[in-house]
Structures are given as C-alpha cells and as structure tokens.
Amino acid sequence: MKKIVVLTGAGISAESGISTFRDSNGLWENHDIMEVASVSGYNKNPQLVQDFYNKRRQQLFEVHPNKAHLFLKELEQNFNVTIITQNVDDLHERAESSHLIHLHGELRKARSERNENMIINWNKDIKIGDLAEDGSQLRPHIVWFGEMVPMMDNAIKEVKTADILLVIGTSMKVYPAASLIDYVKNNIQIIYIDPNDSFQSNSIIHIKKKATEAIDDIKKILGL
Ligand code: OAD
C-alpha cells in the first residue's frame, strides 16, 4: 500500500464549528496570541489562559467530526495513512483515524507546569489549585509559542517516508510545523486543500475548496 501522510490544521475542523486562528474573526483576531498562547502570557495571567483553554475544551463536547475527518479514516482502506495534526481538538480520534500525531498538544489532556512529560487525561475545566502528581499546578497540554515541539522528530520521520503528502486547512504560517513539507522525498505529489491562497508553491496541487467539498477532487487525484 502507498503511504499518505496528511498534515491538518484548523481549517479541517472549521466546518465542525471550531474557529480557525488566522481567518477573519478567527481566534487570533479576538485574542492576543502572546497573552493566551505563550509561557510569558501564562505566567502573567494564568487564570486568563486557563479560561481560554477551558472554553476550547468545553466546545469539544458540542462539535462532531465532519465529512473530511471521516474521509481520512476511509482512506485507510486503500492507503497506509498517518495524520500529523496541528489541531488540539479530538476530531480525528473521534473519526477513528488509526495513526495520529498531535504536534501542538491536546485539549483533553493536562500536564504538570513543571514537567512536560507528566501528562494526564482531563475532560473538565482546569482550575487554579488542580495539581499534578508532582504537586505543581496543572496547565493545558498545549505547545505554546516559544516552547519546543516534542513530536516534531516523529513527524519528520513520517513525512520522509510519504509517497503522497496531503495538506488540509492550514495557513502554513507556524514553524516548525510548516517546515514539514520540506522533508518529503523528491517529486512526490503534494495536494493542498484550502479555500484561500494562504500558502502558494509551484510544487503543490492546490484544490481551492473547503475540506468537505474537496473530497471528490482528492479521490480523483488518488484514482479512487
Ligand atoms: P490558521 O488559522 O493559521 O489557518 C487555517 C487555514 O484553514 C487557513 O489557511 C484558511 O484559509 C483555511 N480554512 C478555513 N476554512 C476552511 C475549510 N472549511 N476547509 C479547509 N480549509 C479552511 O490555522 P493553522 O494553520 O492550523 O498553534 O494554525 C497553526 C497553528 O497556529 C495552530 O496549531 C495554533 C496556532 O497558533 C498553537 O496554538 C500552538
């Protein structure tokens, strides 16, 4: 079976009702990115940051995977599929995709402030005073700006062995995630699904549609 590596971003979950970051009315238009998504912002105002991610976590219980998430599961019938997602939602899990790497963390997990490897499942709000096993405050298991991306090495390994790279719903503005595209083997097909011209390159096939509306086009390219 050929191997498809899929890099997903906020756009794939947009049609499930989760806001993207950089579109108009996206999360970063309405919030100061450094206030809610950096260690310095967290140190300055932990309550504000916890509230921000508590809201995002609560929202997960109101949304569902859409046709694009489900299509990626279906692809497993014909391809060896690995998904590398920048999303912190759990919609790929709920679509039952088998091989999934979360580059930027997961909303349904919390971790010790002191120890990035002390991670637990967490499905409710994190309150100031909720402690990890090491006695330190729990914080969202999210990779913030300025922090290392621990899953990057695994993601690079996957991309290097891809026969096809499918990129869905990401502006490709955030590094190191956006650099993954540079690790593909020579001359493989790179298919980019995005309704806007967020990212442009000669070496990609750009299907300028929303994720759920691009499924038939992707199938055609893949010979399905
Ligand atoms: P962005 O908000 O930067 O980009 C979302 C992309 O999705 C844009 O290019 C939109 O054009 C596109 N889009 C919108 N609706 C779509 C739809 N229905 N179908 C397909 N595409 C659609 O989000 P990301 O690229 O995921 O990191 O952002 C990367 C990282 O920046 C996030 O993981 C987050 C953020 O800061 C952290 O919080 C650590």
Side-chain angles (χ1 to χ4, degrees), residues 6-42 48-50 52-57 59-60 63-72 83-92 95 100-109 111 116 139-152 155 165-181 190-201 204-218:
V6 191
L7 174 63
T8 65
I12 196 170
S13 297
E15 289 164 272
S16 291
I18 300 181
S19 297
T20 60
F21 295 94
R22 292 173 186 78
D23 285 300
S24 64
N25 215 26
L27 285 169
W28 295 157
E29 194 172 279
N30 299 315
H31 296 87
D32 181 334
I33 193 165
M34 292 316 278
E35 297 276 306
V36 298
S38 74
V39 179
S40 59
Y42 178 69
L48 176 90
V49 177
Q50 297 282 14
F52 177 78
Y53 291 99
N54 285 341
K55 279 211 189 85
R56 313 265 86 73
R57 192 177 306 101
Q59 189 190 23
L60 292 186
V63 299
H64 302 281
N66 64 47
K67 281 186 190 158
H69 297 102
L70 299 174
F71 168 66
L72 295 182
I83 301 176
I84 302 168
T85 188
Q86 298 166 82
N87 298 344
V88 295
D89 65 49
D90 63 343
L91 296 181
H92 287 304
L100 179 59
I101 296 176
H102 275 279
L103 270 187
H104 292 161
E106 294 170 65
L107 278 170
R108 293 181 65 173
K109 291 186 177 165
R111 73 146 164 107
E116 64 177 325
R139 56 161 265 189
H141 174 49
I142 303 285
V143 176
W144 286 326
F145 286 94
E147 292 189 306
M148 299 288 285
V149 181
M151 296 310 285
M152 195 61 195
L165 182 69
L166 183 56
V167 182
I168 308 179
T170 168
S171 61
M172 299 291 275
K173 299 259 182 331
V174 172
Y175 285 81
S179 70
L180 281 171
I181 200 167
I190 303 177
I191 308 165
Y192 177 56
I193 314 300
D194 199 294
N196 300 303
D197 289 316
S198 309
F199 171 68
Q200 283 167 311
S201 155
I204 60 168
I205 303 167
H206 184 179
I207 301 171
K208 214 170 155 177
K209 291 185 182 174
K210 290 182 176 179
T212 64
E213 289 165 5
I215 292 171
D216 286 342
D217 304 71
I218 303 172

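Numbering of ligands and ligand atoms starts at 1, following listing order.
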- Item | Proximity of Thr170 to ligand 1 by residue part, where a heavy atom lies under 4.0 Å | both

- Message: Please check: side-chain N/O of Arg57 versus main-chain N/O of Leu107, any donor-acceptor pairing under 3.5 Å?
- Response: yes

- Heavy-atom gap Ala37 to ligand 1 smaller than 4.0 Å: no

- Heavy atom of Glu15, distance to ligand 1 below 4.0 Å: yes

- Nearest non-hydrogen contact to atom 22 (C) of ligand 1 from the set Ser198, Ala14, Pro195 belongs to Pro195

- Message: Test of understanding: given a 4.0 Å heavy-atom threshold, classify the contact between Val143 and ligand 1 as side chain, backbone, both, or neither.
- Response: backbone

- Distance to 0.1 Å, residue and atom name: give those for the protein heavy atom nearest to atom 12 (C) of ligand 1. Asp194 OD2, 3.1 Å

- Can Trp144 be said to touch ligand 1, with heavy atoms closer than 4.0 Å? no

- Candidates Gly169, Ser13, Gly105; heavy atom nearest atom 7 (O) of ligand 1 found on Gly169

- Query: Closer than 4.0 angstrom: is that true for some heavy atom of Phe145 and an atom of ligand 1?
  - Reply: yes

- Nearest protein heavy atom with distance in Å, relative to atom 14 (C) of ligand 1: Asp23 OD2, 3.4 Å

- heavy-atom search around atom 26 (O) of ligand 1 in the protein gives Ala10 N, 2.8 Å

- Query: Counting each atom of ligand 1 from 1 as listed, which ones have a heavy atom of Gly9 under 4.0 Å away?
  - Reply: 26 (O)

- the protein heavy atom lying closest to atom 36 (O) of ligand 1 turns out to be Trp28 NE1, 3.0 Å

- Report the nearest protein non-hydrogen atom to atom 16 (C) of ligand 1: residue, atom name, distance rounded to 0.1 Å. Gly11 O, 3.6 Å

- Task: Could you check atom 29 (C) of ligand 1 against the protein and tell me its nearest heavy-atom contact, residue, atom and distance included?
- Result: Gln86 OE1, 3.3 Å

- Item | Donor-acceptor under 3.5 Å (Lys210 side chain, Ala14 main chain) | no

- Okay, side chain of Tyr192, backbone of Lys208: is any donor-acceptor separation there less than 3.5 Å? no

- Message: Test your reading of the model: is there a side-chain donor-acceptor pair from Gln59 to the backbone of Gly17, 3.5 Å cut-off?
- Response: yes

- Query: Tell me: protein heavy atom nearest atom 27 (O) of ligand 1, and distance?
  - Reply: His104 ND1, 3.4 Å

- Task: Mind running side chain to side chain contact (heavy atoms under 4.5 Å, CB included) on Thr85 and Leu100 for me, showing each step along the way?
- Result: CA-CA 7 Å; Thr85 188; Leu100 179 59; 3.9 Å; yes

- List the closest protein heavy-atom neighbour of atom 28 (O) of ligand 1: residue, atom name, distance to the nearest 0.1 Å. Arg22 NH1, 3.2 Å

- Could you tell me whether the side chain of His104 and the main chain of Val88 form a donor-acceptor pair under 3.5 Å? no

